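This is a predicted model, so every value here is computed, not measured.
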Amino acid sequence: MMMKINEWIRDVHRMQMPRQKPAANLRCDMAERLIDFDNELFSNFINSIEQEDIITYPSYADYEMLKEKIAKFNNVAAENIMLGTGSDACIKSAIHLTCNPDSEIVSAFPCFPMYFVYGAAYGASFIKVPYNDRLRIDLSESQPIIYADFSLENMMSHVGDKTRLVILANPNSPFGDYKTTDELEVLCVDLNQKNVMLLIDEAYADFAPGSAVDLALKYDNVVISKTFSKALGAAGARVGYMVGCAETIDLVSKVQLTYPVAGLSLRFASFLLDNVEEITKYSKETIRDRDLLCGMLESSNFDVLRSHTNSIHFHEGDGDNSRSVETLSKHGVGFKSGQMTTGTPVSVPGDNRETWIRLSVGPRIHESDFINDILTHN
């Protein structure tokens, strides 16, 4: 190829593996809503669709209406909301706003891979801040609970003169560790003094103890990206949004797509927020049954990495996970594992095994036949 292109693109590898049909209760590989919506509820949405939702461009009046509903859901004002085609579009807009060919993005690693793909698109270097090579043990419960451990102080030490953006998912993915608002505010203050933007990716916040939305209103260098893809159950609709102070949202909106949300997606997102009790119920039940499943696995001699997201990691205490992989595969479950021939190593900080299983969870996951088989055969 002789035409002039950005040569870095040649080195980008985008993993896009095909999936089997993601059936309800078996789609445990992509952190989506695990169970289908109630048939009557979903039929109400289908019956509300009009041809104009597909034939015509979306109305900006409808965008404003959706922003009002999202604002109410987050207890902020509509001027604090920017819409995007999934939260990754909002993340890309924040990178577009801040980064140039001589800049750096600092982020925890591993992380959502599009952070560094989008950063490279604007010439920014990506600075990876690794997890601590140990696990954090929470002794506040009746038995020790294990989480991944990441140091915000170490992250701050990587911020230099070229840093234009710091990205932190909270809870983080893939490990599900969580920082409190008090912990995050120290980072907000330090970066504010350096005039560096902090993007907090809250894709999984509905499964965590809380949100840092208040920090995005308090500090003009802080923005938060959120998504309809996880707890809200609309991954296929591709709807996300950003929360921040009005001035910052106005700036980042200048680089968003002309029509950031498709007509059908706009309609579905609005419908979900009109039925917010369904979202709240799903989130609470997922948290409850996630923690219940972790306890069951721990009691059956599995090593478990606890999480504040809707996915967990687990490993046979006395095996290489081959029995569990075989059981999940037999039941047709979608999951991620270092044992999968089409996948990549799956490990956790402080552990040299690369055969961990990452499983998305939801309500009543512990009642599944495949979970019973895993516990019985271990």
Side-chain angles (χ1 to χ4, degrees), residues 6-19 22 27-32 84-99 101 103-131 148 150 154-155 158 163-178 197-205 223-230 235-236 238-240 242 305 307-313 334-338 340-349 354 356-360:
N6 293 316
E7 290 298 324
W8 61 266
I9 293 176
R10 300 185 190 277
D11 297 324
V12 173
H13 175 63
R14 301 288 299 276
M15 183 176 292
Q16 297 171 329
M17 295 184 296
R19 299 174 70 189
R27 47 177 176 257
C28 300
D29 55 340
M30 300 288 283
E32 301 152 319
T85 309
S87 60
D88 52 339
C90 297
I91 293 165
K92 185 176 183 180
S93 292
I95 294 172
H96 192 170
L97 176 68
T98 56
C99 293
S103 61
E104 294 177 347
I105 297 172
V106 174
S107 178
F109 189 83
C111 62
F112 180 41
M114 297 311 295
Y115 295 164
F116 46 85
V117 172
Y118 292 150
Y122 298 101
S125 300
F126 190 79
I127 308 301
K128 302 175 182 178
V129 184
Y131 274 75
F150 181 78
N154 188 29
M155 170 175 268
H158 285 75
T163 305
R164 301 292 292 273
L165 180 65
V166 173
I167 305 177
L168 178 69
N170 194 51
N172 213 340
S173 179
F175 301 129
D177 47 302
Y178 171 79
M197 176 177 277
L198 170 63
L199 168 61
I200 303 174
D201 182 350
E202 286 195 346
Y204 298 94
V223 292
I224 293 178
S225 62
K226 288 177 170 284
T227 183
F228 277 68
S229 296
K230 308 305 180 186
R238 310 305 304 127
V239 182
M242 180 177 285
L305 184 67
S307 167
H308 292 288
T309 71
N310 61 334
S311 293
I312 64 169
H313 288 75
F335 64 101
K336 294 182 178 178
S337 172
M340 305 292 284
T341 57
T342 57
T344 56
V346 178
S347 59
V348 303
E354 296 184 331
W356 285 74
I357 291 171
R358 185 183 180 193
L359 191 76
S360 301

Exercise for the section: Evaluate the side chain to side chain contact (heavy atoms under 4.5 Å, CB included) criterion for residues Phe112 and Asp88: first the C-alpha distance (whole Å), next the side-chain angles of each, then the deciding distance (0.1 Å), finally the verdict. Expected result: CA-CA 9 Å; Phe112 180 41; Asp88 52 339; 3.6 Å; yes

* For the residue pair Phe109 and Phe126, does the interplanar ring angle fall in the parallel (under 30°), tilted (30 to 60°) or perpendicular (over 60°) class? -> perpendicular

As a quick check of understanding, evaluate side chain to side chain contact (heavy atoms under 4.5 Å, CB included) for Asp201 and Tyr115, giving each step before the final call. CA-CA 11 Å; Asp201 182 350; Tyr115 295 164; 2.6 Å; yes

**Asked** Just by distance, do the side chain of Arg358 and the backbone of Lys336 share a donor-acceptor pair under 3.5 Å?
**Response** no

Closest non-hydrogen atoms of Met242 and Ala94, given as atom of the first, atom of the second and distance, are CE-CB, 4.0 Å

Open item on the list: So does Ala31 get a backbone contact from the side chain of Asn310, meaning a donor-acceptor N/O pair under 3.5 Å?
Closed with: yes

- Query: ring pair (Phe, Tyr, Trp, His ring centres under 6.0 Å) between His308 and Tyr204: does it pass, once the steps are laid out?
  - Reply: CA-CA 8 Å; His308 292 288; Tyr204 298 94; over 10 Å; no

Here the pair of heavy atoms bringing Trp356 nearest to Leu305 is CZ3-N, 4.1 Å

Rounding to 0.5 Å, atoms CG (Asn170) and CG (Asn172) come to a distance of 7.5 Å

Under 3.5 Å, side chain of Ser107 to main-chain N/O of Ile167, donor-acceptor pair present?
-> yes

- Message: What I want to check is whether the side chains of Ser311 and Thr309 have a donor and an acceptor closer together than 3.5 Å.
- Response: no

Value for CZ (Arg164) from CD (Glu104), rounded to nearest 0.5 Å, stands at 11.5 Å

For Ser229 and Arg238, the nearest pair of non-hydrogen atoms, with its separation, is OG-NH1, 3.1 Å

Distance col, row Ser337:OG vs Ile357:CD1, nearest 0.5 angstrom, shows 5.0 Å

Heavy-atom donor-acceptor pair, Thr85 side chain to Ala89 backbone, under 3.5 Å: no

Looking only at heavy atoms, the pair that brings Thr227 and Val239 closest together is OG1-O, 3.6 Å

Taking every heavy atom of Ala148 against every heavy atom of Asp177, the minimum-distance pair comes out as O-CB, 3.5 Å

Minimal heavy-atom distance between Pro174 and His313, with the atoms involved, is O-CE1, 3.1 Å

Does the side chain to side chain contact (heavy atoms under 4.5 Å, CB included) test come out yes or no for Ile105 and Cys99, once each step is laid out? CA-CA 8 Å; Ile105 297 172; Cys99 293; 3.6 Å; yes

- Could you give me the CA-CA distance, side-chain angles and deciding distance for Leu168 and Met155, then say whether side chain to side chain contact (heavy atoms under 4.5 Å, CB included) is met? CA-CA 9 Å; Leu168 178 69; Met155 170 175 268; 4.1 Å; yes

Margin query: Can you confirm whether Val117 sits close enough to Met114 that some side-chain heavy atom of one is under 4.5 Å from a side-chain heavy atom of the other?
Written below: yes

Rounded to the nearest 0.5 angstrom, the OG-CG distance for Ser87 and Leu199 is 9.0 Å

